[in-house]
Amino acid sequence: PPERRATPDEMKEGMKRASSKEVLQLESARTWGAIVGMWAGVTLTEGKPVATEATATIPVVNLPLTMHSTFELVRHEECASGERKPNCVRLRVTTRPDEAQLAVAQRRLQEANGGAIQPLSEDGLRVEDRYEVLTDPETLRPRWAEWTRGADIDDSDNGTHDSTEMLQSRQSMRMRMIFVYK
């Protein structure tokens, strides 16, 4: 609804925060981690995913957030089409933040922006990041890497119990990088 939309000044401030040094550094660290960092020194067996937890700090609101991740070696594949040997491996990690901590961070972000706090239902915001990389297992030299982020928002129980004000949304973003070596 128009009364819930950000004003031009709020949007400008949001853009400023989203392009802060801390946020940009987080994005570049995530890129490096997905391609090399999170796989270095890890031993995986095909068909046996490994679950882990780690804590990350959310820039802007400076809150810790527990991330639940599942690492897996999906399968062995050809490094390039037409090769006869599956010398590369497809690796995948799926990460989901702790939902209760994410709800707290969302409320703090709204407070920091001076906006009205309109809490989502208990499980109203769900976020998942998925990183896949096709790489040489010996060198971790990637052939391609892909990031997919999905977010579901369900505000169907926003305290009003009025189905006319229900907000449901799904957003996703996908980025693929291809590496060519000569």
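- A donor-acceptor pair under 3.5 Å is absent between the side-chain atoms of T45 and the main chain of K48, judged by distance alone.
- Separation of atoms CD (E128) and OG1 (T148) is listed at 9.0 Å; rounding is to 0.5 Å.
- Within the 4.5 Å cutoff, the side chain of R96 has no heavy atoms near those of the M67 side chain.
- The hydrophobic clustering, which links ILVMFWY residues whose side-chain heavy atoms are closer than 4.5 Å, places V42 and L91 together.
- Note: R149 CZ to T95 OG1 = 10.0 Å, rounded to the nearest 0.5 Å.
- The hydrophobic cluster containing I178 also contains L134, counting ILVMFWY residues as joined when their side-chain heavy atoms lie under 4.5 angstrom apart, directly or transitively.
- A salt bridge is defined here as a Lys NZ or Arg NE, NH1 or NH2 lying under 4.0 Å from an Asp or Glu carboxylate O, and E132 with R90 meets this definition.
- Annotation for P137 and C88: closest pair CD-CA, 4.1 Å, computed over non-hydrogen atoms.
- Ion pairing of E46 with R75 is absent here, as no side-chain N (NZ or NE/NH1/NH2) approaches a carboxylate O to less than 4.0 Å.
- In this structure, Y131 is a member of the same hydrophobic cluster as L140, with clusters built from ILVMFWY side-chain heavy atoms closer than 4.5 Å.
- A cation-pi arrangement is not found for R130 relative to W147, the charged atom failing to lie both closer than 6.0 Å to the ring centre and inside a 45° cone about the ring normal.
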Discussion item. Between M175 and E146, is the side-chain contact (heavy atoms from CB on, under 4.5 Å) condition met? List the steps.
Written reply: CA-CA 6 Å; M175 180 175 76; E146 183 172 272; over 6 Å; no

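- Here E99 contributes atom CD and H68 contributes atom NE2; the two are 8.5 Å apart, rounded to the nearest 0.5 Å.
- Residues V133 and P142 form a side-chain contact, since some pair of their non-hydrogen atoms from C-beta on lies under 4.5 Å apart.
- Of the inter-residue distances, the one linking R143 atom CZ with T135 atom OG1 reads 8.5 Å to the nearest 0.5 angstrom.
- Transitive grouping of hydrophobic side chains (ILVMFWY, heavy atoms separated by less than 4.5 Å) keeps W39 and V74 in distinct clusters.
- Geometric assessment of R141 against the ring of Y181 yields a positive cation-pi assignment under the 6.0 Å and 45° thresholds.
- Other residues, nucleotides and ligands contribute more than 12 heavy atoms inside 6.0 Å of the CZ atom of R176.
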Worksheet entry | Test log, rule side-chain contact (heavy atoms from CB on, under 4.5 Å), inputs L65 and T55 | CA-CA 5 Å; L65 182 63; T55 301; over 6 Å; no

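- Looking at T66 and Q101, their side chains do bring a donor and an acceptor atom within 3.5 Å of each other.
- Between L44 and V50 the shortest side-chain heavy-atom distance falls below 4.5 Å.
- If you take SG on C79 and CH2 on W144, they are separated by 12.0 Å, rounding to the nearest 0.5 Å.
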